[in-house]
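Just so it is clear: chains get the letters A, B, ... in the order the sequence lines come, proteins before strands, and each one is counted from 1. As the structure is a prediction and not an experimental result, all values here were calculated from the model.
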Amino acid sequence: METTSTSAQAPPPADPADGRSATATAPVKGKAVRPGDKVFRGLSRGSGITLLVIMAAIAAFLAYRASIAVSKNSVNFLTAFEWNPQGDPPAFGIGVLAFGTVVSSLIAMVIAVPVAVGIALFVSHYAPRRLAAPLAYVIDLLAAVPSIIYGLWGALFLVPYLDGLTRWLDQFLGWTTVFEMSNPGSPARSIFTVGILLAIMVLPIITNVSREVFLQAPKMYEEAALALGATRWETIRTSVLPFGRSGIISASMLGLGRALGETMAVATVLSPGFLFSWHILDPGSGTFAQNIAAKFNEADDFGRDALIASGLVLFVITLLVNGAARWIIARRKEYSGANA
Amino acid sequence: MAKRIDVSGLTAFYGSHRAIDDISMSVEPRSVTAFIGPSGCGKSTFLRTLNRMHEVTPGGRVEGKVMLDDEDLYGAQVDPVSVRRTIGMVFQRPNPFPTMSIYDNVAAGLRLNGQKRKRDLDETVERSLKGANLWNEVKDRLNKPGSGLSGGQQQRLCIARAIAVQPQVLLMDEPCSALDPISTLAIEDLISELKSRFTIVIVTHNMQQAARVSDRTAFFNLAAVGEPGRLIEIDETERIFSNPSVQATEDYISGRFG
């Protein structure tokens, strides 16, 4: 029915001389679908559905394999601080992994976001144009370095050279517990070092996205601020940063996503361990991705299922982070620059 | 508080391109001076040299002298930021800060000047909005975003924002070209009111508007595309529109070109 009416009506809408009755009935009978439209709609709808199917398949796979492992677990999967799926009975929990993953990513964010926003502002609003373009290129280059290279650099350069900083932190900020070192002088293969390394790794993505957003801040608002007698910084504060806020949040979330899932660099630097400790300078902790990479090869089928269960938790954490970001962006929609 | 402007030998560049050449004129205090002329004749560029906004554009450069009473705006010791605090500007497209409320938009300039006391701000915001004939329309929604207003209201909000800091001069760059006739009329009425307190310079493409609102009119023209714009003549508006002294002005006004 629909196909016949389509083929019959395809020409008339474009041709008013075709006769009144034909053109008059066309809008009543509904849409005249042109083949190009149809193909394109099919393609885009197909892509959308494919994405959903893939996501659902991943989630189902993770959930199924995870449930096998978790059902035989003898300790609380979410809170236990050990990883022994080969044991009898098997005992494994993600407490340390969740802590290590979240804390190292948070350290990375605390360091990277302000620096990245600063670089992005410098490139977009302060640097002379001759300097801005090469600088942007160098930042892009930073994103192209493979993560294993970062890992090697972290292990061979960062770890020995952070020794002084960690001792200093221990000496002067040790009373906070967080910066206390149980064994001063132990190599800095800690969550803290991983955080610094992750900060460098996520810097380019946050910088680039923020820079794009800052460049898109409409000139008319910057001129409005300048004409009111705003200094350069005041102009940025009144008409660039508010406009770019949701962009900065999105950029940070992209960076956080990468930091949460980073594997090779973390596995190269961190000395793994399953003892929970608030001391972020002490070696011996883990992240989800690092733990999976380290254990996957030697694990039996059940061990792999246990690792997959931990992967599912990472998946959920990432989902929550993205949801939170969307919520923050949506909350200030009325005032967002996108409505201008 | 309105001051006069004396411009002598002003030339403005975009990079190596000479946009306007050797312009000299005086702008009387407490009056409206209109700039008219075909597109590309440099009237907007010239306007932007009067509050040092021209140099914000990459490659923007100015030679010559602009005196605000007896102060040289391009003097070596002069900070362009303080020049822009003394000389307000309203743009072609209404540009209230989209992330700010109506109140915050008007208060933005005051806050930049370091005024923080809520009572003072409240007072000035109300006075400025009344001065821009907008108070009655927005007094119940001062905390709503300025971007929710109509185009004409937004433009009056921008005028309120500009006059809130008590400038000496108000520059308007085609303030009505994005507005419908009714909003345009509201702005024109407002300009007539404001000229008792400010020196106003307005760029317009609408010759009827220049004839309606201005006391003096300056006609700009350019010899050819790519050539710098020049000031052809400046005189009483009545005279420019009835009996200009230069033939090119008459041709332009009577619609024979441009």
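Between B:Arg84 and A:Glu234 there is no salt bridge, since no side-chain nitrogen of the basic residue lies less than 4.0 Å from a carboxylate oxygen of the acidic one.
Proximity to chain A (any heavy atom under 4.5 Å) is restricted, for B:Ile87, to the backbone atoms N, CA, C and O. Proximity to chain B (any heavy atom under 4.5 Å) is restricted, for A:Arg129, to the side chain, taken from C-beta onward. Residue B:Pro96 touches chain A through its backbone alone, counting heavy-atom pairs closer than 4.5 Å. For B:Val81, the parts sitting under 4.5 Å from any heavy atom of chain A are the backbone and the side chain alike.
Between the CG atom in A:Leu241 and the OG1 atom in B:Thr99 there is a gap of 10.0 Å [rounded to 0.5 Å].
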- Message: Under the criterion side-chain contact (heavy atoms from CB on, under 4.5 Å), I'd like the reasoning laid out for A:Thr238 against B:Arg111: C-alpha separation, chi angles, the key distance, then a yes or no.
- Response: CA-CA 11 Å; A:Thr238 50; B:Arg111 292 200 170 117; over 6 Å; no
- Task: Would you sort out whether B:Phe91 and A:Glu223 count as a side-chain contact (heavy atoms from CB on, under 4.5 Å), showing the intermediate values?
- Result: CA-CA 9 Å; B:Phe91 295 84; A:Glu223 295 208 323; 3.4 Å; yes
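Here B:Pro58 is the residue among B:Pro58, B:Gly148, B:Ala162 with the most heavy-atom pairs under 4.5 Å with chain A. With respect to chain A, the highest number of heavy-atom pairs below 4.5 Å among B:Arg48, B:Gln92, B:Met89, B:Arg52 belongs to B:Arg48.
At a threshold of 4.5 Å between non-hydrogen side-chain atoms, the residues B:Arg161 and A:Leu228 count as touching. In this structure the side chain of A:Ser239 reaches within 4.5 angstrom of the side chain of B:Phe97, judged on heavy atoms.
A 6.0 Å sphere centred on CZ of A:Arg237 holds more than 12 heavy atoms belonging to other residues, nucleotides or ligands. Summarising the local packing, OH of A:Tyr126 is surrounded by more than 12 heavy atoms from other residues, nucleotides or ligands at distances under 6.0 Å.
Between the B:Asn95 side chain and the A:Tyr221 main chain, no donor and acceptor come within less than 3.5 Å of each other.
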